[in-house]
Amino acid sequence: MLKTVHAGALRLENVGQTVTLAGWVNKRRDMGGVIFIDLRDRDGKTQVVVDSGRNPTAFSIAEQIRTEYVIQVTGVVSPRPQGQQNPNLPTGDIEVLADQVEILATAKTPPFLIDREEAVDESLRLKYRYLDLRRERLQRNLIVRHKAIKFIRDFLDERGFLEIETPILFKSTPEGARDYLVPSRVHPGKFYALPQSPQQLKQLLMVAGIERYFQIARCFRDEDLRADRQPEFTQLDMEISFVERDDILDLIEALIVGMIQAVSLVPLASTQFPRLSYREATERYGTDRPDIRFGLELQEITDLVANSAFRVFAENAAANKPTKAICIPGCGDYSRKQLTDLEEFARANGAKALAWLAIHPENGEIRGPIAKFFTVDQLIALTERLQANPGDLILISSDEKAIVHNVLSSLRMEMARRLGYAQKKELAFCWVVDFPLFEEGEEEGHLAPSHHMFTAPKREHIPLLDSDPHAVLSEQYDLVCNGFEVAGGSIRIHERELQNKIMQMIGFSVETAKEQFGHMLEAFEYGAPPHGGIAPGIDRIVALMCGEPNIREVMAFPKTAQATDLMADAPSEVVQRQLDDLHIAVKS
RNA sequence: GGGGGCGUGGUGUAGCGGUUAACACGUCGGCCUGUCAAGCCGAAGAUCGCGGGUUCGAUCCCCGUCGCUCCCGCCA
């Protein structure tokens, strides 16, 4: 090795030792007769002192050194002179007196400062990702990611899980996200698909008798990106045989709690994860992925406004359309402009209008365009239901349930951001269970699964499949943290007949089902154990544990929102010969 | 596919219908033997993303376009 110690390792007890360090020049400070070099490697920083009186050769080399040069230094560990210690560095009590300095590589001045937390234009960071990765923030994040994955492997290994790799080149299926396709050279006109997840394969591993499987699995989905979505991402893919829902929930809860306590930079809000039904989550928070770090819950007030003189509410109540409200503490002094902005925001999220009532902080008087339509008793009942206090602002939406939920959920998050509730540095997990098996509404004349077609309906709801399919609840469960879906899974269907039936309900003919999923259906004829699984999103969880706002910050080489790689310039054109090999003609 | 934000020396920002385009950091040179966000002196460095339009005059206003980003749709 070109070094004997790492740059973060040396302490007072190493004084007197001769050591060799190698790494990057974080900073050079030239005092004339003595040059200080902060030598950085992955492990930390050490101050190297090059004294013209101690070694003139080393000194003349040190004079040529610039930021980000790669150097090797041999010297003696010394205590720093009294008063010269640097309490900001773990190695701040010592320094290395250089006897030998060698430049291993020179470096151009980097396009941005490595040693500064300063925000840099994202495209520049992505183009020079290898330099961005030198910076403390990303190094720290990659370390957290590594530790998280190691924790997962150890945890699951101790519990009898086998880590098994599944193919990256697999079969395209019509359901779900758009596939990334790989053309076959050997079979003209045919394509592999990169897996959106190893869903089918892990179920087949259960049929194979593996019983407890996991994989740190790369998944690919050709859909538009978001802060929490990249075209390729990593899931902890798991599947277990002979389990029931709560076995999986308990296992994952223990895994997540242990992992966060071991590696997270952001603390856990609670070691108990509340379990909400889908219905409860949507009624209370307006969404199936609630941020439960704060309240601001939706309150049903349809009954209180049904008989009011405000016609919109009364008519909606008669038409079975709900009226719901959220109470925002301390915003009762919002100006007309602020309220107009909020209404604008509500409209952008699907509202036709936004009603509001503001309670005066001192005299408790209720102001707002709709206030005059309510009797005093009605207003009292309303404020009691909402536990509203003087100085609060009440926001009200009345419409189709889905719209009301969407509007108030968006407002809830917006107000939480404004009030700082959504910036709280803690991780608040909850489970959402008892999802409907099918999504509301029908597309192209058939039902659509709300999770995927292998999710089992609740056993007691199977009779409803024919009579009232939308009333059927499933064995699906999601793990949610701070408003992000961080894991999703289900108990699967393991009976061929039921699987057949579900496939046909979601629009597969017998022939298509056989063509697309024949291997699954056939496998289920050879003794499939009851099984279920889950797939936590590693990128999202690590981003949350690092307090990062997007998953790019926890991936070594992420893509832009346009799904490009600015460093390597991918995707790129290929030569005609390659296209010919693949029997591909590109449309102009 | 749609909507919002951003784009000014290498970096981060300021600015404004007419400026010598400002500041900080960085870079380069000089001085300095105890600095660690070193200090002091000096210097270089900007077709104001690109194209078009309005105007006597555009970095600034308008349109288009490109790039980055956030959101909606989409993501079984």
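Naming: A, B, ... by sequence-line order, numbering from 1 per chain. Since this is a predicted model, take the numbers as computed values, not measurements.
- Checking B:G34, B:U69, B:C36 against every side-chain atom of A:R552, the shortest atom distance belongs to B:U69.
- Within a 6.0 Å radius of CD in A:E344, no more than 12 heavy atoms belonging to other residues, nucleotides or ligands are found.
- A:T67 has a side-chain polar atom (N or O) that falls below the 4.0 Å cut-off from OP1 or OP2 of B:U27.
- Using a 4.0 Å heavy-atom criterion, one finds that A:P81 contacts the bases of the nucleic acid, with or without backbone contacts as well.
- Within 4.0 Å (heavy atoms only), A:D121 reaches sugar-phosphate atoms of the nucleic acid but no base atom.
- The partner of B:U33 cannot be assigned: no Watson-Crick or G-U wobble pair with both contacts below 3.5 Å exists in any strand.
- The base of B:G67 has none of its N or O atoms less than 3.5 Å from a complementary donor or acceptor on the side chain of A:Q562.
- Residue A:E122 is in sugar-phosphate contact alone, with no base atom involved, counting any heavy-atom pair closer than 4.0 Å across all strands shown.
- Residue A:S52 is in base contact, counting any heavy-atom pair closer than 4.0 Å across all strands shown.
- Taking atom P in both B:U19 and B:G10, the straight-line distance is 22 Å, to the nearest Å.
- Using a 4.0 Å heavy-atom cutoff across all strands shown, A:R80 reaches at least one base atom of the nucleic acid.
- For the OP1/OP2 pair of B:G26 and a distance below 4.0 Å, the side-chain nitrogens and oxygens of A:K27 include at least one atom meeting the criterion.
- A distance of about 11 Å separates the C1' atoms of B:U59 and B:A46, rounded to the whole Å.
- A:T173 comes within contact range of no nucleotide atom at all, as no heavy-atom separation falls under 4.0 Å.
- Rounded to whole Å, atom P of B:C71 lies 11 Å from atom CG of A:L225.
- One finds no side-chain N or O of A:Q196 lying less than 4.0 angstrom from the OP1 or OP2 phosphate oxygen of B:C75.
- Summarising the base pairing, B:A22 is matched to B:U13 through a Watson-Crick or G-U wobble pair whose two defining distances lie under 3.5 Å.
- Less than 6.0 angstrom separates the ring centroid of A:F517 from the ring centroid of A:F508.
- In terms of phosphate contacts, A:T109 brings no side-chain nitrogen or oxygen within less than 4.0 Å of OP1 or OP2 of B:U27.
- Rounded to whole Å, the P atom of B:C23 lies 23 Å from the corresponding atom of B:G29.
- Summarising the base pairing, B:C6 is matched to B:G67 through a Watson-Crick or G-U wobble pair whose two defining distances lie under 3.5 Å.
- B:G4 atom C1' lies 12 Å from atom CD of A:E344, rounded to whole Å.
- Taking side-chain N and O atoms only, A:R54 has no distance below 4.0 Å to OP1 or OP2 of B:G34.
- Between the CD atom of A:E63 and the P atom of B:C32 there is a distance of 11 Å, given to the nearest Å.
- The distance from atom CZ of A:R226 to atom P of B:G73 is 7 Å, rounded to the nearest whole Å.
- No engagement by A:G92 is indicated, since no non-hydrogen atom pair under 4.0 Å with the nucleic acid exists.
- Residue-level contact check: A:R125 touches neither bases nor backbone, having no heavy atom under 4.0 Å from any strand.
- A perpendicular orientation is assigned to the rings of A:H494 and A:H531, their planes being inclined by more than 60° (bins at 30° and 60°).
- In this entry the distance linking CZ of A:R28 with P of B:U35 reads 17 Å, nearest Å.
- Remark: C1' of B:G34 and CG of A:D30 are 13 Å apart, rounded to the nearest angstrom.
- Within the nucleic acid shown, A:M453 has no heavy atom closer than 4.0 Å to any nucleic acid atom.
- Atom NZ of A:K424 is surrounded by 12 or fewer heavy atoms from other residues, nucleotides or ligands within 6.0 Å.
- Across all strands, A:I35 comes closer than 4.0 Å to no nucleic acid atom at all (heavy-atom distances).
- Here B:G49 presents its P atom at 17 Å from NZ of A:K127, a figure rounded to the nearest Å.
- Aromatic stacking of A:F112 on B:U11: not satisfied for centres closer than 5.5 Å together with planes under 30 degrees.
- Residue A:L89 is classed as having no contact, given no heavy-atom separation below 4.0 Å to the nucleic acid.
- Taking 3.5 Å as the limit, the base of B:C75 and the side chain of A:R221 contain no donor-acceptor pair of atoms between them.
- Within the 3.5 Å criterion, the main-chain N or O of A:R279 finds a donor-acceptor partner in the side chain of A:T282.
- Checking A:K559 against A:R540, the closest nucleotide of RNA chain B that is more toward the 5' end is the one next to A:K559.
- A 6.0 Å sphere centred on CD of A:Q100 holds no more than 12 heavy atoms belonging to other residues, nucleotides or ligands.
- The shortest distance between the side-chain N/O atoms of A:R29 and the OP1/OP2 oxygens of B:U35 is not below 4.0 Å.
- Note on A:R66: a side-chain N or O is less than 4.0 Å away from OP1 or OP2 of B:G29.
- Remark: B:G42 base-pairs with B:C28. Criterion, Watson-Crick or G-U wobble with two distances under 3.5 Å.
- Between B:U11 and B:C70, the distance separating the two C1' atoms is 23 Å to the nearest Å.
- The nearest whole Å value for the distance from the CG atom in A:L126 to the P atom in B:C68 is 9 Å.
- Here A:A348 lies out of heavy-atom contact (under 4.0 Å) with every strand.
- Within the structure, a side-chain polar atom (N or O) of A:T564 is placed less than 4.0 Å from OP1 or OP2 of B:C68.
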